[in-house]
Amino acid sequence: MTALDGGSIEMMIVMSEGATPHDVEYVLQKLAEAGGRGHVSTGDVVTVIGVMGDREVIAGLPLEAYPGVDKVLPILRPYKLVSREFRRTDTVIDVRSTKLGGTHFGLIAGPCSVESREQLMTAARMVKAAGATMLRGGAYKPRTSPYSFQGLGVEALQILAEAREETGLPIVTELMDIRQLDDVVRYADVVQIGARNMQNFYLLSAVGQVEKPVLLKRGLSATVDELLMAAEYIVKEGNTQVILCERGIRTFETATRNTLDVAAIPIIKQRSHLPVVVDPSHATGKVDLIEPLSLAAVAAGADGLLIEAHPAPETALCDGAQSQSPREFSHTAARIKDLVVWAGKTIG
Ligand code: PEP
Ligand code: MN
């Protein structure tokens, strides 16, 4: 991983298919001589070099005449490394024995929060049996009221690790504050950044420096481009393993907790190479909407789902009304499987 401290990518050099490592080295050397720098991204087919430096000086170089250079593209969007232009191929997240992105569909499920060892172990077994590929569970909870259950902290992280031990499912859990970074990174396989922290730029930069994938949730009132710029903060630090999550946005509609922005799925995929998952639980707040919106998400091209599921939703300390029971979750998991195949993907 290479960090891009301080620099901003001004243009991209797309190398031709037959370009050699020597050609790439030559370009990098010329950029360095002009006081610039190149960030090399080697794809399956072509290599792309993101160029940092003084735009005027770099523009004076005969870049397109260098051996192995196909074309030079100026960057007009406010994000660069996460853009489709920068990387044509889909980013695939590889976590333990499972993948998410490209042709790999991730099914992440589990309770809103870890409430006890028994509750979480039961939840882990149930989601595993239904075909989930990762287990979610909050240890630190962002609650609207300070009097609501705030999570079990490190104890919850240890319980999650135990569930991973037994089921083999990688664990996804939220990091709320930089003070919890070491603990969360020690136990989690995927570090979740919640909607309320989507623009906590110090936190984003901090997780950009860890070697664990990050699941970044869209802010309650953030645009798609704001989400992509938040992801750019992470990738810019060197961590390219970012999963974006559409979890509903605030609109005037009150029939649901938030409004699931289905259009955001294909839009994100047009603008970025990062995988996108959909959280129909937080998007709607209603358990009976989870299945139809899960199906809609798969059909619209999502790379995965993040579903709240609880062994006994009526007793949940957090988000019970939007959590599926074991029976409901296995029903939804079975129904999305056919659609995942239709979409040309496999689960996990
Ligand atoms: C969660 O996934 O537990 C959560 C709190 O979601 P969000 O940040 O999307 O509200
Ligand atoms: Mn929740």
Side-chain angles (χ1 to χ4, degrees), residues 106-115 119-120 123 127 132 134-146 148-153 156-157 160 170-177 180 184 188-200 203-204 207 213-222 224 226-227 230-231 234 242-251 256-261 264-265 268 276-287 289-290 293-294 297 302 304-325 328-329:
L107 182 53
I108 308 166
C112 181
S113 55
V114 178
E115 299 166 7
Q119 171 251 11
L120 200 266
V127 300
M134 294 191 219
L135 173 68
R136 65 148 288 149
Y140 303 93
K141 295 305 307 174
R143 302 307 299 279
T144 302
S145 163
S148 302
F149 176 60
Q150 303 286 312
L152 296 179
L157 295 173
L160 284 163
I171 56 181
V172 183
T173 196
E174 179 168 349
L175 170 68
M176 269 181 51
D177 189 283
Q180 303 142 0
V184 171
D189 295 298
V190 176
V191 178
Q192 178 173 319
I193 300 294
R196 290 156 193 81
N197 267 320
M198 190 204 83
Q199 287 185 315
N200 183 335
L203 195 60
L204 298 175
V207 293
V214 175
L215 188 150
L216 176 65
K217 301 192 86 172
R218 182 177 180 181
L220 279 75
S221 56
V224 165
E226 284 163 352
L227 171 64
I234 301 171
V242 177
I243 305 167
L244 303 171
C245 179
E246 161 57 41
R247 46 77 74 211
I249 48 176
R250 283 211 162 162
T251 68
T256 47
R257 179 175 175 180
N258 293 291
T259 298
L260 180 67
D261 184 6
I265 305 163
I268 290 170
V276 51
V277 303
V278 168
D279 172 353
S281 293
H282 291 90
T284 64
K286 294 197 160 111
V287 72
L289 296 181
I290 293 177
L293 292 187
S294 296
L305 289 163
L306 178 78
I307 294 179
E308 287 190 331
H310 192 287
E314 64 288 355
T315 67
L317 295 180
C318 180
D319 287 348
Q322 61 184 43
S323 300
Q324 291 187 317
S325 66
E328 288 162 340
F329 179 66

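First listed ligand is number 1; within each ligand, the first listed atom is number 1.
Each of L215, V172, V207, T173 was evaluated against V191; a single residue qualifies, V207, per the side chain to side chain contact (heavy atoms under 4.5 Å, CB included) test.
Near G194, meaning under 4.0 Å from any of its heavy atoms, are these atoms of ligand 1: 8 (O). For ligand 1, the atoms sitting less than 4.0 Å from at least one non-hydrogen atom of R247 are 7 (P), 9 (O), 10 (O), numbered in the order shown with element in parentheses. Of all atoms in ligand 1, listed by their number and element, those nearer than 4.0 Å to a heavy atom of R196 are 7 (P), 8 (O), 10 (O).
Residue contacts with ligand 1 leave out R218, since none of its heavy atoms falls under 4.0 Å from the ligand. By the 4.0 Å heavy-atom criterion, P142 is counted among the residues contacting ligand 1.
R250 CZ: 12 or fewer foreign heavy atoms inside a 6.0 Å radius.
Distances from the Mn ion (ligand 2) show that C318 has no N/O/S atom below 2.8 Å.
Per residue E308, closest N, O or S atom to the Mn ion (ligand 2): atom name OE2.
Within the 4.5 Å cutoff, no side-chain heavy atoms of R218 are placed close to those of E226.
For A123, the side chain to side chain contact (heavy atoms under 4.5 Å, CB included) partners at least two apart in sequence or on another chain are P111, P311.
Using a 4.0 Å cut-off between charged side-chain N and carboxylate O, R136 and E174 make no salt bridge.
From the protein, the heavy atom lying nearest to atom 4 (C) of ligand 1 is H282 NE2, 3.5 Å. Summary of contacts: the protein heavy atom closest to atom 8 (O) of ligand 1 is A195 N, 2.8 Å.
At least one N/O-N/O distance between K217 and ligand 1 falls below 3.5 Å.
In summary, the side chains of H310 and D319 do not present any donor paired with an acceptor at a separation below 3.5 Å, with no hydrogens or angles considered.
Centred on the Mn ion (ligand 2), the angle running from D319 (OD2) to C112 (SG) is recorded as 100°, rounding to 10°.
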Test side chain to side chain contact (heavy atoms under 4.5 Å, CB included) on L204 and Q199 and set out the steps. CA-CA 8 Å; L204 298 175; Q199 287 185 315; 5.8 Å; no
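With rounding to the nearest 0.5 Å, the separation of NE2 in H282 from CD in Q322 is 4.5 Å.
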